[in-house]
Amino acid sequence: MSLINLVDLPDLGDDRGGLVSIEANKHIPFAVKRVYYIFKTHEDVARGFHAHKELKQLVICVSGSCKMVMDNGISKDDVILNTPKKGLLIDSLVWREMHDFSEDCVLLVLASEYYDESDYIRNYDEFLKKAEP
Ligand code: TYD
């Protein structure tokens, strides 16, 4: 799987407005156990700076924009998220950083597992050791 994996989400919008519907195990390759959203992040703040041992996530920018930096320990790439019609799949063992939040940015995150602090890798050197092929 490439580092930046954008999924086209089903666009059910019509002349009344937008509507996107996402079904677990159909449009995304996992069952969703947790949903959270990040909003009102200050423009000069960057977030993330961690990887997960097992957790997989789909990140959708439902409003505004931000930059996601992805790093699998071998290569690094970034993508601007600015549409509710695409989701960024983040596999396990990917270091992620979020930058350049617009004032109206809302990031909706669908996660494959319940919150578990022991699944986080918050130290970059530790991440590099775990991500080694
Ligand atoms: P964190 O994942 O570090 O935020 P970000 O990646 O956006 O910088 O989460 C911030 C805090 O919230 C941290 O103490 C863990 C806690 N948290 C939960 O309790 N449950 C959750 O589902 C999430 C995502 C975070």
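Start at 1 and go down the list; that is how both ligands and their atoms are numbered.
Note that atom 12 (O) of ligand 1 has no protein non-hydrogen atoms nearby, at separations under 4.0 angstrom.
Using the six-membered ring where Trp is involved, H52 and H50 have ring planes that are perpendicular, over 60° apart on the 30 and 60° scheme. In this structure, Y124 and W95 have perpendicular ring planes: the angle between them is above 60°, well past the 30° mark. Taking the six-membered ring where tryptophan is involved, the planes of H99 and F49 are perpendicular, since the angle between them exceeds 60° and thus also 30°.
The protein heavy-atom contact nearest to atom 22 (O) of ligand 1 is R34 NH1, 2.4 Å. Annotation: atom 2 (O) of ligand 1 to nearest protein heavy atom, Y120 OH, 2.8 Å. The protein atom (non-hydrogen) at minimum distance from atom 10 (C) of ligand 1 is R47 NH2, 4.6 Å. Counting protein heavy atoms only, atom 6 (O) of ligand 1 is closest to H50 CE1, 2.8 Å.
Of all the atoms in ligand 1, the ones that sit under 4.0 Å from a non-hydrogen atom of R122 are 3 (O). Every atom of ligand 1 with a heavy atom of G48 under 4.0 Å away is listed here by number and element: 5 (P), 6 (O), 8 (O).
At a 3.5 angstrom cut-off on N or O pairs, E117 does not count as close to ligand 1. Considering backbone and side-chain atoms alike, Y115 places every N or O at 3.5 Å or more from each N or O of ligand 1. Residue-to-ligand polar distances keep I38 apart from ligand 1: every N/O pair is separated by 3.5 Å or more.
Applying the 6.0 Å contact sphere to NZ of K129 captures no more than 12 heavy atoms from other residues, nucleotides or ligands. With a 6.0 Å radius and a threshold of 12 heavy atoms from other residues, nucleotides or ligands, K33 has its NZ atom above the threshold.
Residues E117 and R122 are paired through a salt bridge, judged by an N-O separation under 4.0 Å between the basic side chain and the carboxylate.
Counting only distance, with no hydrogens or angles, the side chain of S65 and the backbone of S102 share no donor-acceptor pair below 3.5 Å.
When all heavy atoms of L110 and F30 are compared, the pair lying nearest together is O-CZ, 3.6 Å.
Residue contact annotation: Y114 has no non-hydrogen atom under 4.0 Å from ligand 1.
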